[in-house]
Number of protein chains: 2
Amino acid sequence: MTSKATSIDIAYRAGVSQSTVSRALRNSPLVNLETRQRIQAIAKELNYKVDKNASNLRTQNSHTLALLICEDPTNDESLINPFFLSMLGSITRATAQQGYDLLVSFQQLSSDWHADYEDSNKADGIILLGYGDYVDYEHKLQKLLEQNTHFIIWGAEHNNKEVLSIGCDNHQGGVIATEHILSLNFKNIAFLGDASEHSPEFRDRYLGHAEALKKAGIKLNKKCQFDAISTESSGFDAAMKLLDSGHQFDSIFAASDLIAIGAIRALKQRGVNVPEDIAVVGYDDIPVASFANPALTTVKQNTKLAGEILVESLLKLIRGKDVGPQLIPTNLVVRQSCGGVDKS
Amino acid sequence: MTSKATSIDIAYRAGVSQSTVSRALRNSPLVNLETRQRIQAIAKELNYKVDKNASNLRTQNSHTLALLICEDPTNDESLINPFFLSMLGSITRATAQQGYDLLVSFQQLSSDWHADYEDSNKADGIILLGYGDYVDYEHKLQKLLEQNTHFIIWGAEHNNKEVLSIGCDNHQGGVIATEHILSLNFKNIAFLGDASEHSPEFRDRYLGHAEALKKAGIKLNKKCQFDAISTESSGFDAAMKLLDSGHQFDSIFAASDLIAIGAIRALKQRGVNVPEDIAVVGYDDIPVASFANPALTTVKQNTKLAGEILVESLLKLIRGKDVGPQLIPTNLVVRQSCGGVDKS
DNA sequence: CTGAAAGCGCTTACAG
DNA sequence: CTGAAAGCGCTTACAG
């Protein structure tokens, strides 16, 4: 009783062949209904579970997806980008919903990629999170491509069309954030975040920002742009530089919530009030956003939908169906950091 | 070239038997060094990876751990307890460090447990997170025990000694939180959180609180205790009840940060200043804690260490070694919500 | 509707 | 040091 029951044990008890047990457990209509039910009852009684290794080996697929999350080494190791954590939650759920298991792994930027999940038949496909900064990963993606690995990458559309990417519409997000600021009569918007082609997601947000400005007939305030990566401290530093630059601005569009929160800390430290003196919009709507002080007005990425689409698309890819890149719409969440609505 | 290479392909190329290939790839000293290196080179060239399903089937272990996170259905589904998310991060890392893979799954409270990871040989053992509320799960744990599943549960020590539990020292945490409040000359402490045996972790915190009070010769303020589960809104509600009760108090010990944050919102809404009028201490040190307004003074659970110990202990259990329950020490993080130190 | 048989790709006694 | 062989527990043509 200590060792696990196998299909042969069940076959013996049911007085049928092992093949019939296997069919019955998969609920095959080939097996007589009565026999089927009897077998299933015995299986339940014995607490029998199909051995995944055996069935996967036989069918040559694992019914498992792997999620690789890029870990920013500049961060304290316990501080994974909270946005990715939200995505992790929704991807986990979406995967389970499709009857798949999910293998999760954090990958150091520096270390060798152990993206051999598919090669070793541990997973049928891979979801890449946090590799938006694709410049540094190009050769690794190339290798995945060469190996015919099924994978999908979260982020801006990739310049290599063979790489399937799913992401939120960062351009549109940049537009709505900027339009919101403008609608509140701020006209001189600073931008905090790396807008180079090195950070395609930030860049798209910036491009949307620029477009909205242009549409409104307002010039980009190039002097008030400072690079930042998506951490609180980087946002703090960038805002300090902005402040020290002496250039005029009445509002800030931060390329991420973490940057926005850091910037607000810098502003406060210099005695600047948000939103009375300076309005701030963030991006992501991470859980912290609503607890910030003032609560952040921000562009929400729909992580639930994103997770579902990511998983669905990867599954299609695995099954050899046609899938293209997709852009998920974003929406504005108005809180207090720009004024406008005050529901404190 | 499209289909994956097998050990037989390598054997063919290397001019040896498949058994020798298998040995060489596991770097067995039985194989001649030169032959071994030649085989490994060919494997690399062919981008060969051992098929995990086959090797797991053969060796009957999966080198995989499963993590089950209990999902509180009262929450919006995107809002997983941030403390669990931190734990997830550290467990993922600790698992990888041990050369294991991690299967992650969120389980609905209501739904049937698909804790069949081990039965189906998908995992060698299971980590249970968020099942501290064990009363409701007793029979399920019992079943796991009966099936000889290797599992470990995060939380307070379990009354059933067969269940291996690892958790932070909640009693000690309650003591240090309370001592801190007392050291700042608050004497009338309200407690927010369910202190019944239904929530063993909260209860231990409460017991530590009571002990510290007793030691200081101060009576428990029983009238100022209100139940709350670990959500912001529950904390808000509990604080409202406390306020409405009309009983006097000068400080609050919240059984979790989320409760504390909700309580602070309630206090603010009623025009009560924190920490000037009322001091508040939380518990957990979730990422949000430092962004709260005022930033939360709280009891930090060392999630990094906790993840490591959890994984190590489970592995010991799997390997048949002796393991006992462990209590991880906590420490106080002083921020602004109690006054005392002000580094805003 | 059912059974006997092959085979998925490994690991590991066993024999040399 | 190496090879032939068995077998892990399934699924699924094939034959009846």
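In this text the structure is predicted, and so the values were computed from the model without any measurement. Every chain is numbered from 1 and lettered A, B, ... according to where its sequence line falls, protein lines coming before strand lines.
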Point-to-point distance, once rounded to the nearest 0.5 Å, from CD of Glu201(A) to OG of Ser165(A): 9.5 Å
How many angstroms lie between NZ in Lys49(B) and OG1 in Thr6(B), if you round to the nearest 0.5 Å? 14.5 Å
Ignoring the backbone of Ser19(A), work out which of dC10(D), dG3(D), dA4(C) is nearest its side chain. dA4(C)
Which nucleotide in the list dA5(D), dT11(C), dC10(D) gets nearest to the side chain of Ser7(A)? dC10(D)
If the cut-off is 4.0 Å, is [X] near the phosphate of [N], judged by side-chain N/O to OP1 or OP2?
X        : N       : answer
Thr35(A) : dT2(C)  : yes
Ser55(B) : dC10(C) : no
Thr20(A) : dG3(C)  : yes

Rounded to whole angstroms, how far apart are [atom1] on [X] and [atom2] on [N]?
X         : N       : atom1 : atom2 : result
Gln18(B)  : dC1(D)  : CD    : C1'   : 17 Å
Asn53(A)  : dT11(D) : CG    : C1'   : 15 Å
Ile8(A)   : dA5(C)  : CD1   : C1'   : 13 Å
Leu25(B)  : dG9(C)  : CG    : P     : 15 Å
Ile10(B)  : dT11(C) : CD1   : P     : 11 Å
Asp51(B)  : dG7(D)  : CG    : P     : 21 Å
Lys122(A) : dC10(C) : NZ    : C1'   : 15 Å
Leu30(A)  : dA13(D) : CG    : P     : 11 Å

Taking all non-hydrogen atoms of both residues, which atom of Cys168(B) and which atom of Asn302(B) are closest, and how far apart? SG-N, 4.2 Å
Closer to the 5' end of DNA chain C via nearest nucleotide, is it Ala54(A) or Arg26(B)? Ala54(A)
Set of residues satisfying side-chain hydrogen bond (donor to acceptor under 3.5 Å, both in side chains) with respect to Glu312(B), sequence neighbours excluded: none
Kindly write out the residues that satisfy side-chain hydrogen bond (donor to acceptor under 3.5 Å, both in side chains) with Ser7(A), not counting sequence neighbours, or none if the list is empty. Gln18(A)
What is the ring orientation for His63(B) with Tyr100(B), classed by angle as parallel under 30°, tilted 30 to 60°, or perpendicular over 60°? parallel
Using atom names, set out every protein N or O paired with an N or O of nucleotides 14-16 of chain C below 3.5 Å, distance rounded to 0.1 Å.
none

Please give me every residue in residues 56-63 of chain B whose heavy atoms get under 4.0 Å of an atom in DNA chain D, ordered by residue number. Leu57(B), Arg58(B), Gln60(B)
Sugar-phosphate only, base, or nothing, as touched by Ser22(A) at under 4.0 Å among non-hydrogen atoms: base
Check ring pair (Phe, Tyr, Trp, His ring centres under 6.0 Å) between Tyr48(A) and all other residues, then give those that pass, not counting sequence neighbours. none
With rounding to the closest Å, how many angstrom separate the C1' atoms on dG16(D) and dT12(D)? 16 Å
Please test Asn56(A) against Ser62(A) for side chain to side chain donor-acceptor pair (under 3.5 Å), starting from the C-alpha separation and ending with a verdict. CA-CA 5 Å; Asn56(A) 289 344; Ser62(A) 66; 5.6 Å; no
Do Leu65(A) and Tyr117(A) touch side chain to side chain, with heavy atoms closer than 4.5 Å? no
Please indicate whether Lys44(A) has more than 12 foreign heavy atoms, meaning atoms of other residues, nucleotides or ligands, lying under 6.0 Å from its NZ. no
Which string of ( ) [ ] | and . matches DNA chain C, if you list each base 5' to 3' and count Watson-Crick or G-U pairs only when both distances are under 3.5 Å? |||.||||||||.|||
Output yes when Asp101(B) and Lys122(A) qualify as a salt bridge under the 4.0 Å nitrogen-oxygen rule, no when they do not. yes
Are the charged groups of Lys304(A) and Glu308(A) less than 4.0 angstrom apart, N to O? yes
